[in-house]
Amino acid sequence: MPIEPGRLRKAPENFLDRQAIQTVAAQAKNGRRDFLRGAFTAAASGLAVPVALAQSAGDPNILTLPEHSTGLGQAVATDGYGKPSKYEANVQRRPSPGLTQTRQASVSFAPLQSLFGIVTPSGLHFERHHQGWWDIDPAKHRFMVNGMVKAPRVFSMDELMRLPAVSRFHFIECGANTGMEWGNVAVPTCQYTHGMLSCSEFTGVPLITVLEQCGADLKNGKFVLAEGADGSGMTRTIPMDLIKSGEVLLAYGQNGEMLRPENGYPLRLVVPGVQGVSWIKYLRRIEVGDKPWAAKDEEVHYIDLMPDGQHRQYSSIQECKSVVTTPSGGQVLLDKGFFSISGLAWSGRGKVKRVDVSVDGGRNWRTARLEAPVMSKCLTRFSIDWAWDGKSALIQSRATDETGYVQPTYQQLRAVRGKRSIYHNNAIQTWLVQESGEVKNVHLA
């Protein structure tokens, strides 16, 4: 007898009002997160349960033709630029209340639990800004190459866009993604645990092409300094070996159009596999040198606090990681029956080779399907069939990349890194499906 498909209620997106956000911000200064979890629970309990699926011939949605089947629709190109349906208006990138002191130096999270495939729509791409975003006139923007080069040069956007271009799909992940979860459960949904992650098709010129044009010393020049044009003074050291591979791009295109202003328009650096802070937005300068620059955001920030109190620097590669997006925190399983467990996996060292899924907290694992395409340093969608029997379950995913690296448990990661870090948390995520069908974020001992 076939198993009937189960229904799933979506997680509440915007579950805090203005007064609640102010309360969270005040409590965050004292290191408290309890109110955030409590507010989420209250919002989730107030959601209406969807009407049961029609099982009879008496459904008026079948018997009566709707207006859109009998009337004249709206005019072509009414808005000029296409927008999502009004019924999907709740799917938005969202800031985390109380996470930062100002909205300019802040972050927004992509709604991973509401997305399909591997590409993040440009309008839902996560943001991290250190001084707010700008909409820069491309006719006035300039890009400079200097340092250990024979012919320093300044490029206009027109000059860069006349050079041979390539298009590639890559993920970008903030080094602080999942950073609030190091010590214990902090946030309720996949959007807030893992949403500083996106994936796009980027179009641009390989940086090595421009460096060769300028006569860069590729033998003695071991690093480059990338500098952005915004007021934060964002600069990062990039190893020359990454650039000589041809992977690093001077990107102006994203998902078939020009970059959005929030994503670095008109020019940004794309450094596949490396934490997002190195993907300098509003890129204005590349300097070739023979040693790292020890800039503020690589010597003081975006470093790993080790258990003995020392800091580990220049650990930029985003190690193999995965997360189940459905079912995930805040969602509710409304029926017993068939569900498709689905999620995303990625690695900064190449392709994802395998993803295993457990529904009993890691005691037993099954190998999931990897949905094509599977590309290097790109998100990979995985899925596996699951028949929920109404009992509690602990859902996990564990990714392995082509180097043989296996995503660690929290216990394994904390044995090396402790509980007080912020960056580079790639531990296995656990979602608890309760007998009520509610899904919660939990950590296993």
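Remember, predicted model here, so these are calculated numbers, not experimental data.
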Selection residues 223-250 - residue pairs positive for ring pair (Phe, Tyr, Trp, His ring centres under 6.0 Å), sequence neighbours left out: none

Just grab all the salt bridge (Lys or Arg N to Asp or Glu O under 4.0 Å) pairs involving residues 321-337, residues at least two apart or on different chains. Arg7-Asp335, Glu173-Lys321

Does a donor on one side chain sit under 3.5 Å from an acceptor on the other, for Ser340 and Arg369? no

So, does Glu298 use its side chain to make a donor-acceptor pair with the main chain of Ala294 at under 3.5 Å? yes

Glu181 and Asn425: side chain donor to acceptor below 3.5 Å: no

Looking at Val205 and Tyr252, what are the two nearest heavy atoms and their distance? CG2-CE2, 4.3 Å

Look at the aromatic rings of Tyr282 and His129 and report parallel, tilted or perpendicular, splitting at 30° and 60°. parallel

Please identify each residue that fulfils side chain to side chain contact (heavy atoms under 4.5 Å, CB included) with Glu201, with sequence neighbours left out. Ser167, Phe169, Asn255

Would you say Lys296 has more than 12 foreign heavy atoms packed within less than 6.0 Å of its NZ? yes

With no hydrogens and no angle check, just 3.5 Å: does a side-chain donor-acceptor pair link Glu371 and Ser383? yes

Not counting sequence neighbours, which residues clear side chain to side chain contact (heavy atoms under 4.5 Å, CB included) with Arg414? List them please. Tyr410, Lys419, His443

Would you kindly say whether Asn441 and Gln429 are connected by a side-chain donor-acceptor distance under 3.5 Å? yes

Without swapping roles, check the side chain of Gln396 against the backbone of Ser358 for a donor-acceptor pair under 3.5 Å. no

Hey, what do you get for OG (Ser436) to CD (Glu438), rounding to the nearest 0.5 Å? 4.0 Å

For Glu262, the option from Arg268, Arg128, Arg93, Lys281 that meets salt bridge (Lys or Arg N to Asp or Glu O under 4.0 Å): Arg93

Would you please say whether a donor-acceptor pair under 3.5 Å links the side chains of Ser322 and Gln407? yes

Residues at least two apart in sequence or cross-chain that pass side chain to side chain contact (heavy atoms under 4.5 Å, CB included) with Arg417, listed by chain then number, are Trp182, Asp304, Met306, Arg312, Leu413, Ser421, His424

Can you tell me if Glu435 uses its side chain to pair, donor with acceptor, with the backbone of Gly390 under 3.5 Å? no

If you draw a 6.0 Å radius around CD in Glu257, do more than 12 non-hydrogen atoms from other residues or ligands fall strictly inside? yes

Among residues at least two apart in sequence or on other chains, which ones pass salt bridge (Lys or Arg N to Asp or Glu O under 4.0 Å) with Asp356? Arg354, Arg398

Whether the side chain of Gln191 engages the backbone of Phe109 through a donor-acceptor N/O pair (distance < 3.5 Å, no angle test) should be reported. yes

Using 30° and 60° as the class boundaries, would you call the ring planes of Trp388 and Phe339 parallel, tilted or perpendicular? perpendicular

